[in-house]
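Structure, as structure tokens:
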Amino acid sequence: MSKRIAVYPGSFDPLHNGHLDIIDRCLPIFDEVVVAVLLNEGKKPLFSSEERVAMIQELLRDRPHCRVESFSGLLVDFMDQKQARTVVRGLRAVSDFEYEFQMALMNRRLNPRVETVFLMPKEDYSYLSSRLVKEVFSLGGNVEGLVPQTVLDLLHKRLRQPAPVA
Ligand code: ADP
């Protein structure tokens, strides 16, 4: 039987505990999980794609059958390259549904072999987004418990480093 490979695509700028929760839910279901970091430099990310890949690699070090890659272009083409048939997306609330529904159906049209499955995170993370983490942190708010410690350290370095003394 061929390997069940799932691709979990996203910006992950930065990865937070809601993302990790989804990855952990994938592990017992699939033989292999590829976390696919979207190259979206046009969106002016806080962390470059190389930084995001390195950050996620470090976080997933102890998780078996999990790897991190970056991609650009059509997700369905990346799926073909990886010989993967399942896209995993997280569903936080009904507000995610409309966009996700459109994407899933477009991807199915582009490649009918690709199925999208939706997983729901633990309720504690259902309001969490990378945008909110960045916004709250940059305004001085506490995001402990919402992002892994490594990400918290990186946020400190990137956003709260004291200005160099002149
Ligand atoms: P994108 O830019 O594709 O929306 P994100 O990095 O924001 O990428 O999210 C990647 C995936 O993780 C998406 O499927 C998104 O719905 C899901 N996701 C984001 N935040 C959460 C969360 N708090 N809980 C569960 N899934 C989430």
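For ligands, and for the atoms within them, numbers begin at 1 and follow the listed sequence. Start at 1 with the first residue, then count along the sequence.
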Notebook entry, point to check: Hey, does the side chain of Asn17 reach the backbone of Gly145 with a donor-acceptor pair shorter than 3.5 angstrom?
Noted result: yes
Checklist line | Whether Phe118 lies under 4.0 Å from ligand 1, heavy atom | finding: no
Next item on the list: Kindly identify the option in Ala36, Ala93, Gly90, Pro121 whose heavy atom sits closest to atom 15 (C) of ligand 1.
Entry: Gly90
Margin query: Measuring only between side-chain heavy atoms, which start at C-beta, is Pro121 closer than 4.5 Å to His19?
Written below: no
Checklist line | With sequence neighbours excluded, residues passing ring-ring contact (aromatic ring centres under 6.0 Å, His included) with Phe118 | finding: none
Margin query: Looking only at protein heavy atoms, which one is nearest to atom 6 (O) of ligand 1, and what is the separation?
Written below: Phe12 N, 2.8 Å
Check: In the protein, what heavy atom is nearest to atom 4 (O) of ligand 1, and what distance, to one decimal place, separates them?
Finding: Arg89 NH2, 3.7 Å
Checklist line | ligand 1 to Val88 polar contact by distance, N or O atoms, under 3.5 Å | finding: no
Next item on the list: In plain terms, say whether Lys82 and Glu69 are close enough for a salt bridge, that is, a side-chain N and a carboxylate O under 4.0 Å apart.
Entry: yes
Check: Is Tyr8 touching ligand 1 with its side chain, its backbone, both, or neither, if touching means heavy atoms under 4.0 Å apart?
Finding: side chain
Next item on the list: Return yes or no for this condition: an N or O of Leu128 is under 3.5 Å from an N or O of ligand 1.
Entry: yes
Check: In terms of atom number and element, which parts of ligand 1 are under 4.0 angstrom from non-hydrogen atoms of Ile22?
Finding: 25 (C), 26 (N)
Note to self: Counting only heavy atoms, tell me which of Met103, Arg92, Lys122 gets closest to atom 20 (N) of ligand 1.
What the structure shows: Arg92
Note to self: I'd like to check which ligand 1 atoms, numbered from 1 as shown, lie under 4.0 Å from a non-hydrogen atom of Pro9.
What the structure shows: 10 (C), 11 (C)
Notebook entry, point to check: Nearest protein heavy atom to atom 2 (O) of ligand 1, by residue and atom, and its distance?
Noted result: Ser11 OG, 2.6 Å
Next item on the list: Could you establish whether Ser126 and ligand 1 come within less than 4.0 Å of each other, counting only heavy atoms on the residue side?
Entry: no
Check: Charged N to carboxylate O below 4.0 Å: is that the case for Arg85 and Glu115?
Finding: no
Note to self: Please give me the minimum heavy-atom distance between Cys26 and Val88, naming the atom from each residue.
What the structure shows: SG-CG1, 3.7 Å
Item checked: Closest to atom 7 (O) of ligand 1 among Arg131, His19, Glu100, His16 (heavy-atom distance) -> His19
Item checked: Contacting atoms of ligand 1, where contact means under 4.0 angstrom from a heavy atom of Tyr125 -> 22 (C), 23 (N), 24 (N)
Next item on the list: For the pair Arg52 (side chain) and Val37 (backbone), establish whether a donor and an acceptor sit closer than 3.5 Å, ignoring hydrogens and angles.
Entry: no
Margin query: Using a 6.0 Å cut-off, check whether atom CZ of Arg108 has over 12 heavy atoms from anything other than its own residue.
Written below: no
Note to self: Any salt bridge linking Asp21 with Arg25? Criterion: basic side-chain nitrogen under 4.0 Å from a carboxylate oxygen.
What the structure shows: yes
Notebook entry, point to check: Which atoms from ligand 1 have a heavy atom of Gly18 less than 4.0 Å away?
Noted result: 22 (C), 23 (N), 24 (N), 25 (C)
Next item on the list: Check whether any side-chain N or O of Lys134 sits under 3.5 Å from a backbone N or O of Asp13 as a donor-acceptor pair, and report yes or no.
Entry: yes
